[in-house]
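Have a look at the structure below before the remarks.
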Amino acid sequence: MATASASTSGNWELLKRDLLTCPICKDFFDDNDKKARALMPCLHSFCEECLGVLIGGRTSGMFECPMCHNKIIIHEEGVEWFQVDFHKQSLLDYLPDDSRNRLAANWRSQKFCTACDNHPIAESWCNVCKYLCRICSDSHKGMFVFKTHQVVELTEEMERDLEERFHEKMCGEHQQEMNKVCITCMEPVCDLCVESFHVGNHEICSLTDAAAESRVLLENLTTAVLSQQEPLRQVRSNISKDHTMIQKQGDTSIESLHLVFEKCHTALRVQEEALVSKITQPRSQFQKHLIDKRESAELKLMQMGSNYEHVSDVMDKGSDIKVVRTRKEIEPTMNEISSWVIDTKPALQLRNLRFEHQDTELQSICDKIARLGNVVDEVVTIEKIGQAFKGYTSTINMKVSDSLNNPLSVLPEFVQFQVLDPSQQIIQSTVSNVADGKVVITYKPQEAGEHTFVMFSKHDPDSKCKMVIDVHELSVAVEVINAKVYKPSTVKVTIQKVVDGRECGVESRVKCLMSSSSRESIPCEIMTFNIEDGLYTFRFIPRSHDMHILDICVGDDTIVRRQITSIIGLTAADVGITASCGLGLVNHKCVVDIEKSQQFTEPLLYPRLKNPKGEMCPINIGTSSGCQSRWHFYPTIPGTYTLEVYGDLNEFYELCTLQIPVYSLNFQIYKKSAFSSVYDIIVLAVNENQEVHLVSDRHMLQLQVRNKRNQVLESSTVIDGLGWKLNFACSGPDMCKIYTRTHSSSEFVEHAEVFRILN
């Protein structure tokens, strides 16, 4: 009977909960903003506040009923359009206010079974079915289908935990379960949030999918974060070592400083005591002498006073007999006293006892004390350890500065360092001081493996800096493809290191520096590269056909040097060069015109000129315009001159050769007739073999005849079968000379021949 009553009471409680509370916010309906309003056509009732949230301020459209998911039409009046559920509102009148508040508080804190239709009060928790009443809990324990379900008793602590989880899952705006996630905003949302706020381009997915993706991401982030633990522990350990080192160095320095100044204090105290002794000793002697004189004077005064009183007393009170007897007794003493010679004059001496010092000497001592000692704070920092390869020179870059980061000029004397091979044997290394506090240590490892660089202070060997250097074997192959002077040429470089028996490229970017045998830098630009395989292609333009030097650099370190000798020289056909020359005459300007192909701007051309005897002759490189150049020279003897054109001033390679014949001029003079004053001069060009070359082009050579007054005689030119002929007239006796010039010269050349005109 009692059980039936309790069950009835429980059902009545559930009935009141279902009828009188809003399904969304679980609050009691009231007559204010919690009025119950029924939806059409499903008739589910919600309070006005929650219904307003569902509508979201809209005046048209539709929304879903949270209970049955039917589509509900929104009207212009909004919430006011829905009818008040008077049946539920009237039931509230049967509950007093205090009873209504008490029930609401109990229902909010009470949990009800979610596994059965009656929804009695829950007593346990299932990891699958959630809240269970006593009957459902017993069913879970006895049925095979619930074997995998884990059921535990519902305690107050668990209820609080489940309550927190429940509220965490509920939307604070709509009081619905948040079962979706807006990826755009990365926020969990409920269905009403999706319809109200996260519309448009917002990407929505299920909470389960978002949680799974987030778990994977967070796991990866956690792994990445945990990977930083060991480096941070190492940093912490290094900081502790550095802290201990600087503390120890500071304590040692302070102790040394105290010792130095204690020596100074001791020396000052000894000197002070010596000077004080020089003052106190004469002072004490003189004071003792004065005290002795004072005691002697006082003793005499006492003796004099005593005798005087005795005599006066006898004379005043004594009998005659006593007076006579007193005379006998005291007369010698009184005579002695009266005969004393007392020197009342002051001492005839001046005494000045004082301490003297030289202010300049004192200031000098103070200045020396001020300069006594110095605090040196030198900092040596390892800036970079270059990649190291077996058999190749490697570098370690360090920075030397003071505590204010001002660079020092040399590596401090206290710094000691060693480079150790895998067997901990010391490798020879050298130090180079560079400007701005840069120091470079170079060494050449002779085997692959883990090497160690150790730097420590000779004053404190325990303070060490250690760096591990991985030394790998290195293979380098250089292939030069069709290298030709002043032509774009290709060099292929394969540079690989051996790691765990496998060849791979080095991590740093490889670059090449090219230079000629005269150390002239030649641009070398990278064309293609594959860092993983260590394959690089570079392009350069050789400056000569002689040896070039290729420095292969990994990062900033030059590790490989190769000599390139397979460079083909250019020919005149490559450059498209042509050379031409006019008439060559001894002592006359001889012009050579050089022309290159329009497509070939390099190289710069240089001449070498030899006379018929094979001797080098000077030649003037004149003006250049584009691909055209004009040179000239002055031949001194007749014969064939050889002009060799080269493509480089220092690294000669011949492009073309030009043979230039040079003649000397001979003149023959004839008189027209015995009675004529007209003369003919025939010009003959003679080579070194005295072979005659007729000069027939009047534009190549110009002649003048001048008398002894250097006046130009009127003349005319005639070209006939004999060659070039000059006619001139001379009316009287005279001494004439011939002057010539070629078309390329602006000045006339005087010839040595003198013609005597007799008529």
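Side-chain contact of Asn307 with Gln303: a donor-acceptor pair under 3.5 Å is absent, judged by distance alone. No side-chain donor-acceptor contact under 3.5 Å links Thr393 and Thr442. One side chain, Asn238 or Gln234, offers a donor N or O that lies under 3.5 Å from an acceptor on the other.
Contact annotation: the side chain of Ile495 approaches that of Ile552 to within less than 4.5 Å [non-hydrogen atoms, C-beta and beyond]. The shortest side-chain heavy-atom distance between Ile396 and Ile469 falls under the 4.5 Å cut-off. Contact check for Val379 versus Asp402: no side-chain heavy atoms found under the 4.5 Å cut-off.
Judged by distance alone, with hydrogens and angles left aside, the side-chain atoms of Thr494 form no donor-acceptor pair with the main-chain N or O of Val476 at under 3.5 Å. A donor-acceptor pair under 3.5 Å links the side-chain atoms of Ser227 to the main chain of Ala224, judged by distance alone. When atom types are taken as modelled, the side chain of Ser277 and the backbone of Glu273 share no donor-acceptor pair closer than 3.5 angstrom. One N or O on the side chain of Asn220 and one on the backbone of Val216 form a donor-acceptor pair closer than 3.5 Å. Here the side chain of His357 pairs no donor or acceptor atom with the backbone of Phe355 at under 3.5 angstrom. A donor-acceptor pair under 3.5 Å is absent between the side-chain atoms of Asn530 and the main chain of Gly534, judged by distance alone. Between the side chain of Asp533 and the backbone N or O of Leu535, no donor-acceptor pair lies under 3.5 Å. Of the possible donor and acceptor atoms, one in the side chain of Thr280 sits under 3.5 Å from a partner among the backbone N and O of Val276. Looking at Ser306, its side chain never comes within 3.5 Å of a backbone N or O of Met302 through a donor-acceptor pair.
Among residues at least two apart or in separate chains, salt bridge (charged side-chain N to carboxylate O under 4.0 Å, His left out) pairs with a member in residues 222-242 are Glu230-Arg233.
Checked options Asp551, Ile564, Ile549; the residue passing with Met514 is Ile564 (criterion: side-chain contact (heavy atoms from CB on, under 4.5 Å)).
Rounded to the nearest 0.5 angstrom, Leu420 CG and Ile427 CD1 are separated by 7.5 Å. Expressed to the nearest 0.5 Å, how far NE2 of His472 lies from OH of Tyr392 amounts to 14.5 Å. One finds the CZ atom of Phe417 at 10.5 Å from the CD1 atom of Ile382 (value rounded to the nearest 0.5 Å). Put simply, CZ on Phe529 and CZ on Phe538 are 10.0 Å apart, with the number rounded to the nearest 0.5 Å.
With a 6.0 Å radius and a threshold of 12 heavy atoms from other residues, nucleotides or ligands, Arg215 has its CZ atom at or below the threshold. The local environment of CD in Gln358 is sparse, with at most 12 non-hydrogen atoms from other residues, nucleotides or ligands closer than 6.0 Å. Environment of CD in Glu213: sparse, with no more than 12 heavy atoms of neighbouring residues, nucleotides or ligands closer than 6.0 Å. For Glu383, the CD atom is densely surrounded, since the number of other residues' heavy atoms within 6.0 Å is greater than 12. Within 6.0 Å of the CD atom in Gln287, the count of heavy atoms belonging to other residues, nucleotides or ligands exceeds 12. In this structure, His243 places its NE2 atom where only 12 or fewer heavy-atom neighbours from other residues, nucleotides or ligands lie under 6.0 Å away.
Aromatic rings of Tyr308 and His310 (six-membered ring for Trp) have centroids beyond the 6.0 Å cut-off, not under it.
Here Glu255 pairs with nothing under the salt bridge (Lys or Arg N to Asp or Glu O under 4.0 Å) rule; sequence neighbours left out. In this structure, the side chain to side chain contact (heavy atoms under 4.5 Å, CB included) partners of Leu226, at least two apart in sequence or on a different chain, are Thr222, Gln229. For Glu361, there are no salt bridge (Lys or Arg N to Asp or Glu O under 4.0 Å) partners at least two apart in sequence or on another chain. A search for side-chain hydrogen bond (donor to acceptor under 3.5 Å, both in side chains) contacts involving Gln247 returns Asp251, not counting sequence neighbours. Every residue meeting the side chain to side chain contact (heavy atoms under 4.5 Å, CB included) condition with Glu525, not counting sequence neighbours, appears here in chain and number order: Met527, Arg539.
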Worksheet item: Does the side chain to side chain contact (heavy atoms under 4.5 Å, CB included) test come out yes or no for His198 and Cys185, once each step is laid out?
Response: CA-CA 8 Å; His198 300 271; Cys185 304; 3.7 Å; yes

Discussion item. Set out, in order, the CA-CA distance, both residues' side-chain angles and the distance that settles side-chain hydrogen bond (donor to acceptor under 3.5 Å, both in side chains) for Asp367 and Gln363, then state yes or no.
Written reply: CA-CA 6 Å; Asp367 292 341; Gln363 184 62 43; 2.9 Å; yes

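Contact between Ala448 and Lys390 at its shortest, heavy atoms only, is N-CD, 4.0 Å. Closest of all the heavy-atom pairs between Pro542 and Ser489 is CD-OG, 3.4 Å.
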